[in-house]
Amino acid sequence: MTALVAVAAVALAALFAVGWVVAVADSAPNLDQLTQRTPHQPSAIYAADGSLLGYIHTDTLFVPVPTGRFPKQLKDATVAIEDRRFYKHGALDYQGILRAGIRDVFGKANSLQGASTLTMQLVDNQYLNGTKYAVHHDLKYKITQAKLAMQLYAHHTKAWILVGYLNNVPYGTAGGQEAYGIQAAAKMFFDRPVQRLDLAQAALLAGLPQAPSVYDPFTNPTAARARRDEV
């Protein structure tokens, strides 16, 4: 009888958990209810003859790169360090979620760690950052993030998602300006366009988004090199 009671209690708890997840997902916003954040390129000033005079200063750097201009080694490095199963899973990586859940339970973390796919991170960068939904990175936030990622994934290809991530993720700050997107990061840290990055430079930049201030090559060169080698 005791065993039956225990099984019934577990089943009831599981049903309650599933119901709670469904309720949170239903109450979460849809993509079309959120404003997409798009960084702007610096405003250019031209003379009457069309020559470039300069740019208006801004605290963000953003220069988008067309799909076909990304070096393959840069895309491979990003996938390797940020989402190794990117080409094997959909919007969500259920194996990663399970592993992260176990770490969070036994590690007694205050917020959920890991399991964010590139699609989920793109949702963060373009839709959730700066909103009330991202104030606390708790289970409700993860459910909202997952719901939006599935909606985004349903309408776009893997290639589009990877390019969107590379063009929008923040790579760090230098000289009072924050680099959004890989082209701005290549210019900020190596003073060259993304197409001219060598393998070591591409690996270093690929490792920055997870913790830009920790792996900043200007202020923490040792940590930056270790991260580069990990990539």
Side-chain angles (χ1 to χ4, degrees), residues 29-43 55 58-83 86-87 90-93 115-135 137 141-142 144-174 176-190 192-195 197 201-216 231:
N30 294 311
L31 280 179
D32 58 11
Q33 296 174 298
L34 298 173
T35 300
Q36 183 175 352
R37 183 196 64 79
T38 303
H40 297 289
Q41 298 186 57
S43 298
Y55 295 92
T58 175
D59 59 358
T60 61
L61 294 177
F62 173 69
V63 183
V65 181
T67 300
R69 302 293 298 278
F70 284 98
K72 183 178 184 300
Q73 63 185 15
L74 174 62
K75 293 189 289 186
D76 289 346
T78 298
V79 169
I81 195 64
E82 289 290 342
D83 188 357
F86 177 67
Y87 293 108
L92 311 180
D93 182 2
S116 288
T117 63
L118 288 177
T119 311
M120 295 169 74
Q121 293 181 57
L122 180 57
V123 162
D124 264 355
N125 295 327
Q126 290 197 295
Y127 293 96
L128 289 179
N129 278 350
T131 70
K132 63 180 181 180
Y133 305 102
V135 174
H137 283 202
Y141 153 79
K142 277 293 186 182
T144 300
Q145 185 190 40
K147 174 184 177 179
L148 297 177
M150 293 174 71
Q151 292 180 353
L152 188 70
Y153 187 82
H155 295 93
H156 297 287
T157 64
K158 292 277 189 182
W160 185 95
I161 290 169
L162 180 54
V163 167
Y165 172 88
L166 289 168
N167 268 329
N168 287 278
V169 68
Y171 281 87
T173 302
Q177 292 182 305
E178 185 171 13
Y180 280 93
I182 191 65
Q183 187 73 288
K187 180 66 176 177
M188 175 181 288
F189 294 109
F190 297 111
R192 62 178 55 190
V194 66
Q195 295 81 10
L197 293 173
Q201 292 166 339
L204 188 146
L205 293 182
L208 284 178
Q210 188 177 97
S213 61
V214 175
Y215 302 121
D216 186 323
V231 176

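Every value quoted in this text rests on a predicted model; they were computed, and no experiment measured them.
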What verdict does the side-chain contact (heavy atoms from CB on, under 4.5 Å) test give for Arg69 and Gln183, after you've listed the backbone C-alpha separation in whole Å, the side-chain angles of each residue and the deciding distance to 0.1 Å?
CA-CA 10 Å; Arg69 302 293 298 278; Gln183 187 73 288; over 6 Å; no

I would like to know whether Trp160 and Thr67 meet side-chain contact (heavy atoms from CB on, under 4.5 Å); could you show each step before the answer?
CA-CA 8 Å; Trp160 185 95; Thr67 300; over 6 Å; no

Please assess Val194 against Leu197 for the test side-chain contact (heavy atoms from CB on, under 4.5 Å), listing each intermediate value before the final yes or no.
CA-CA 5 Å; Val194 66; Leu197 293 173; 3.8 Å; yes

Stepwise side-chain contact (heavy atoms from CB on, under 4.5 Å) check, Asn125 with Tyr180
CA-CA 10 Å; Asn125 295 327; Tyr180 280 93; over 6 Å; no

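Every residue meeting the salt bridge (Lys or Arg N to Asp or Glu O under 4.0 Å) condition with Lys72, not counting sequence neighbours, appears here in chain and number order: Asp76. Remark: Lys187 engages Asp191 in a salt bridge (Lys or Arg N to Asp or Glu O under 4.0 Å) (not counting sequence neighbours). Partners of Phe70 under the ring pair (Phe, Tyr, Trp, His ring centres under 6.0 Å) rule, at least two apart in sequence or in another chain, do not exist in this structure.
Across Gln151, Gln33, Gln145, Gln36, a single residue satisfies side chain to side chain contact (heavy atoms under 4.5 Å, CB included) together with Tyr127, and that is Gln36. Each of Thr78, Ile81, Leu204 was checked for a side chain to side chain contact (heavy atoms under 4.5 Å, CB included) with Val231, and the lone residue meeting it is Ile81. Screening Glu82, Gln121, Lys142, Gln210 for a side chain to side chain donor-acceptor pair (under 3.5 Å) with Ser116, the sole residue that qualifies is Lys142.
A distance of 12.0 Å separates CG in Leu118 from CG in Asp124, rounded to the nearest 0.5 Å. From Thr119, atom OG1 reaches atom CG of Leu92 across 8.0 Å, with rounding to the nearest 0.5 Å. The structure places OH of Tyr87 at 8.5 Å from NZ of Lys158, a figure rounded to the nearest 0.5 Å. One distance of note links OG1 of Thr144 with CE of Met120; it measures 10.0 Å at 0.5 Å rounding. Between Leu205 atom CG and Tyr215 atom OH the span is 14.5 Å, to the nearest 0.5 Å. Separating the CG atom in Asn168 from the CD atom in Gln126 is a distance of 4.0 Å, to the nearest 0.5 Å.
The minimum heavy-atom distance linking Ala91 with Ala149 is given by the pair CB-O, 3.5 Å. When all heavy atoms are compared, the tightest approach of Pro193 to Ala186 is C-CB, 4.2 Å. Between Pro209 and Ala206 the shortest heavy-atom distance is CD-O, 3.4 Å. Scanning all heavy atoms of the two residues, the minimum distance from Asp93 to Thr117 falls at N-CG2, 3.5 Å. The nearest pair of heavy atoms linking Ala77 to Ala202 is CB-O, 4.4 Å. Between Gly172 and Met188, the shortest heavy-atom distance links the atoms O-SD, 4.1 Å.
Side chain of Asn167 to main chain of Val65: a donor-acceptor pair is present (N/O by atom type, distance under 3.5 Å, no hydrogens or angles).
Between Leu208 and Phe189 there is a side-chain heavy-atom pair separated by less than 4.5 Å.
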